[in-house]
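For reference, the structure discussed in these notes is given below.
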Amino acid sequence: MELPILRDNAVSVETGPVRLISRAVELHPVDHFQQSVKSQDPETKRQGLAMVFGSAFPAQLAHEEAAFSRPLRLPGLKSERIAWEILTGNDVDIGVEDYLSLPENSEKMLPDVHSMMETRLRMN
């Protein structure tokens with residue numbers, strides 16, 4: 001009498017019960033709505049805002065976004081642009097770009113602020 005040998009794991013990490021349950025459970029309606037809103041293009045969002053708040057509101061948001069997207073400091077100095085991040089909604093999302101490849105952690109020397117300003121003002 002020979003015993004059968006199990007060659008594969010009965011419950012592996014990839015096909016385990018937790019993974020199967022997560023596939024079977026549908027998204028909550030709020031999660032589904034939030035994912036669909038994130039995938040909308042900006043023009044559709046502006047049209048919706050215009051229908052709810054009037055046509056001046058999207059124009060005001062576009063003006064604020066243009067004003068806040070400009071750099072506020074001299075070249076070479078770090079500019080946080082907190083107001084722009086709040087306006088665009090990027091303040092709540094933490095991505096790879098927030099902690100990797102920061103200029104202050106680079107091995108390259110930052111350019112001299114004086115020479116950059118002279119170039120910007122066309123003094124050299």
Side-chain angles (χ1 to χ4, degrees):
M1 182 171 153
E2 193 172 315
L3 293 174
I5 298 174
L6 184 62
R7 302 265 185 225
D8 237 356
N9 290 337
V11 178
S12 68
V13 175
E14 292 180 6
T15 60
V18 175
R19 177 124 179 178
L20 292 175
I21 290 172
S22 67
R23 283 190 211 155
V25 174
E26 292 184 21
L27 286 176
H28 190 274
V30 174
D31 290 332
H32 180 69
F33 175 74
Q34 286 178 339
Q35 288 178 358
S36 68
V37 168
K38 282 184 182 178
S39 64
Q40 284 183 354
D41 62 320
E43 188 58 36
T44 307
K45 288 182 182 180
R46 285 193 182 111
Q47 287 176 354
L49 288 173
M51 285 191 253
V52 174
F53 297 110
S55 61
F57 188 70
Q60 179 184 358
L61 286 179
H63 176 69
E64 289 177 356
E65 188 174 347
F68 292 142
S69 65
R70 284 183 266 143
L72 302 174
R73 293 190 175 188
L74 295 174
L77 297 177
K78 185 177 177 179
S79 181
E80 294 289 334
R81 298 175 13 167
I82 299 287
W84 181 80
E85 288 185 2
I86 292 172
L87 183 67
T88 57
N90 294 337
D91 59 330
V92 294
D93 296 331
I94 297 176
V96 177
E97 64 275 0
D98 291 327
Y99 57 91
L100 292 178
S101 301
L102 296 175
E104 60 263 16
N105 297 338
S106 176
E107 63 273 359
K108 297 178 184 176
M109 292 284 295
L110 292 175
D112 182 29
V113 177
H114 297 287
S115 62
M116 289 180 67
M117 197 62 198
E118 287 175 357
T119 305
R120 183 175 178 188
L121 297 174
R122 297 183 183 113
M123 295 175 66
N124 56 354

With sequence neighbours left out, write down each residue that passes side-chain hydrogen bond (donor to acceptor under 3.5 Å, both in side chains) with Gln60, or none if nothing qualifies.
-> Glu64
Going hydrophobic residue to hydrophobic residue with side-chain gaps under 4.5 angstrom, can you get from Leu49 over to Met51?
-> no
Can you name the closest pair of heavy atoms from Trp84 and Phe68 and give their distance?
-> CB-O, 3.5 Å
For Arg46 and Pro58, which heavy atoms make the closest approach, and how far apart are they?
-> O-CG, 3.5 Å
Can you tell if the side chain of Ile82 reaches within under 4.5 Å of the side chain of Asp91, non-hydrogen atoms only?
-> no
Flag yes if Val52 and Leu87 sit in one hydrophobic cluster, no otherwise; membership is Ile, Leu, Val, Met, Phe, Trp, Tyr, and two members link when side-chain heavy atoms are under 4.5 Å apart.
-> yes
Does CZ belonging to Phe57 count more than 12 external heavy atoms closer than 6.0 Å?
-> yes
Report the residues that fulfil side-chain hydrogen bond (donor to acceptor under 3.5 Å, both in side chains) with Asp41, sequence neighbours left out, ordered by chain and then residue number.
-> Thr44
